[in-house]
Amino acid sequence: MDAAEFRRRGKEMVDYVADYLENIEKRQVYPDVEPGYLRSLIPEEAPEEAESYEDVVKDIERVIMPGAASPACTELETVMMDWLGKMLKLPEDFLAGTEGKGGGVIQGTASEATLIALLAARSKIVKLIQADHPDRSETDVISKLVAYSSDQAHSSVERAGLIGGVRMKKIPTDDKFSVRGAALHKVLKEDRAAGLIPFFFCATLGTTPSCAFDCITELGPICNAEKIWMHIDAAYAGSAFICPEFRPLLNGVEFADSFNFNPHKWLLVNFDCSAMWVKKRSDIIGAFKMEPLYLKHDHQESGLVTDYRHWQIPLGRRFRSLKMWFVFRMYGLKGLQAYIRKHVTLAKEFESLVRADQRFDISADVVLGLVCFRLKGSNELNETLLKRINSARKIHLVPCQLAGEFVLRFAVCARTTESRHVQEAWSHISHLASELLQELPH
Ligand code: PLP
């Protein structure tokens with residue numbers, strides 16, 4: 001959709017809303033649809049090819065309006081999370097289907113998803129231990145709990161530990177910045193010997209500093225054998241798994257209890273939309289369920305209705321699945337795959353430019369849209385280069401530390417980025433680097 005069409009569609013949408021408000025008294029106040037009404041009205045999978053905006057909007061009256069207010073909001077979310085799960089080829093266990101034990105929910109952010117997973121895991125382990133040892137108090141068990149993540153994990157993971165009131169330990173990564181099975185195994189052995197209770201491991205697929213991937217095919221079986229909840233945080237990289245060539249990076253997800261990524265980061269869905277799946281919805285509901293009288297409804301115990309309020313911290317919810325529905329249909333799976341591939345190609349183009357310049361090093365494997373690079377030389381030199389790049393205000397780079405080195409990060413992430421932007425960015429960086437190096441004493 002170009003800017004002209006966006007203006008036109010936006011105005012049409014305002015008319016639709018105004019008509020709705022003007023004629024609201026002609027509409028039914030309370031829906032008369034049966035639970036599950038929506039699933040049969042739309043396809044089981046996202047379309048391969050793009051559809052027109054008219055086709056999507058036409059379906060609002062047919063699919064959404066009969067379930068005005070809550071049922072449509074809930075049911076479209078369940079089906080969209082299944083569509084997206086199928087696009088990623090998630091194991092069947094994570095899909096809701098009509099009778100599944102798992103399913104997806106839209107959270108606001110990856111930070112929330114990690115916290116929810118950690119709290120659910122905490123509640124599960126406390127119940128498990130108390131079942132065997134009824135004399136042990138909840139406080140006593142919680143004081144012994146220990147959760148783990150990569151030493152490259154996002155700060156939100158450490159924060160989940162802080163908010164959840166449990167110890168959080170960082171597992172050292174290998175030379176590819178990836179957590180391996182042996183490293184986790186070693187720490188688990190030590191902690192069990194010290195009387196601690198390991199209960200949660202947050203694996204990262206696509207770490208923030210360098211887009212590294214924890215080895216979940218090794219870590220998953222260890223977590224399963226040790227009854228440790230494995231959550232996967234793929235906040236950025238997850239979108240790429242809709243492409244068959246990147247899907248192997250998700251191998252091992254079958255061992256996870258929960259998995260999350262942010263379509264709002266790299267799948268063209270506007271903020272906020274963080275997609276989280278659990279294998280056993282009972283684990284998450286068991287941790288957060290509250291049933292006051294004012295929230296009771298007829299289908300409470302029928303099992304036909306998903307009550308997302310039990311899957312999250314807030315009670316109220318936005319209709320975020322509408323954004324997914326529009327984007328998936330208007331791009332089609334092929335359009336979304338093309339979008340991801342284009343960004344990865346542009347990142348590789350930038351990588352080649354860096355590699356062709358003897359003054360620079362590439363600091364980590366370039367797998368998706370992030371390129372970590374630095375000038376050969378001291379951290380101070382690279383810090384100065386970054387300062388000059390950012391204060392020139394033409395492009396913006398955010399740095400990271402990798403193995404003690406100050407590293408610059410070039411991320412391709414805007415919808416409109418083209419090769420010429422990458423070329424211009426590189427010539428700008430290269431020019432500033434030349435200026436800086438000339439100033440150094442020879
Ligand atoms: N996890 C990873 C790997 C990230 O890269 C980020 C943010 O960049 C986050 C979590 C936090 O994401 P959110 O803002 O959705 O909480």
Side-chain angles (χ1 to χ4, degrees), residues 81 84 88 104-119 147-164 168 170-171 173 176-179 200-216 219 229-241 246 249-250 252-253 256 258-277 311-314 317-318 320 323-324 340 343-344 347 363-372 396-402 407-414:
M81 291 299 293
L84 185 54
L88 299 168
V105 57
I106 305 175
Q107 305 284 1
T109 60
S111 311
E112 269 172 75
T114 305
L115 175 63
I116 293 279
L118 179 130
L119 295 177
Y148 306 92
S149 73
S150 150
D151 63 13
Q152 301 290 305
H154 190 263
S155 57
S156 55
V157 181
E158 194 173 340
R159 254 176 121 220
L162 270 178
I163 300 170
M168 175 72 76
K170 292 184 180 172
I171 308 291
T173 47
K176 298 273 187 201
F177 311 108
S178 159
V179 176
F200 180 79
F201 175 69
C202 177
T204 310
L205 295 182
T207 59
T208 313
S210 67
C211 200
F213 292 79
D214 289 342
C215 188
I216 53 173
L219 298 160
W229 181 301
M230 182 162 88
H231 174 71
I232 299 176
D233 172 12
Y236 159 71
S239 298
F241 306 150
F246 299 123
L249 295 166
L250 186 59
V253 66
S258 51
F259 167 71
N260 168 252
F261 85 98
N262 286 349
H264 69 232
K265 269 198 162 70
W266 201 15
L267 210 58
L268 290 156
V269 181
N270 282 349
F271 188 83
D272 57 340
C273 181
S274 187
M276 177 187 193
W277 289 265
W311 298 49
Q312 60 176 20
I313 294 167
R317 340 196 57 237
R318 291 183 293 284
R320 291 173 289 203
K323 297 186 290 192
M324 298 167 89
I340 298 283
H343 279 187
V344 178
S363 310
D365 289 349
V366 179
V367 183
L368 299 176
L370 179 71
V371 184
C372 291
H396 179 64
L397 299 189
V398 176
C400 73
Q401 282 270 347
L402 288 178
V407 169
L408 283 66
R409 292 158 71 257
F410 183 86
V412 179
C413 51

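Indexing begins at 1, ligand by ligand and atom by atom, following the structure's order.
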Any donor and acceptor pair, going by atom type alone, linking the side chain of [X] with main-chain N or O of [Y] inside 3.5 Å?
X: Lys323; Y: Val269; value: no
X: Ser178; Y: Phe213; value: yes
X: His264; Y: Cys273; value: yes

Thr204 side chain to Asp233 side chain, donor-acceptor N/O pair below 3.5 angstrom: no
Between Thr114 and Asn260: side-chain donor-acceptor atoms closer than 3.5 Å: no
Put together the list of close N/O pairs, under 3.5 Å, between ligand 1 and the protein, could you?
{"residue": "ligand 1", "atom": "1 (N)", "partner": "Asp233", "partner atom": "OD1", "Å": "3.3"}
{"residue": "ligand 1", "atom": "1 (N)", "partner": "Asp233", "partner atom": "OD2", "Å": "2.6"}
{"residue": "ligand 1", "atom": "5 (O)", "partner": "Thr208", "partner atom": "OG1", "Å": "2.8"}
{"residue": "ligand 1", "atom": "8 (O)", "partner": "Lys265", "partner atom": "NZ", "Å": "3.3"}
{"residue": "ligand 1", "atom": "15 (O)", "partner": "Ala110", "partner atom": "N", "Å": "2.7"}
{"residue": "ligand 1", "atom": "15 (O)", "partner": "Asn262", "partner atom": "ND2", "Å": "2.8"}
{"residue": "ligand 1", "atom": "16 (O)", "partner": "Ala110", "partner atom": "N", "Å": "3.4"}
{"residue": "ligand 1", "atom": "16 (O)", "partner": "Ser111", "partner atom": "N", "Å": "2.9"}
{"residue": "ligand 1", "atom": "16 (O)", "partner": "Ser111", "partner atom": "OG", "Å": "2.4"}

From Leu205 atom CG to Phe261 atom CZ, the distance as rounded to the nearest 0.5 Å: 12.0 Å
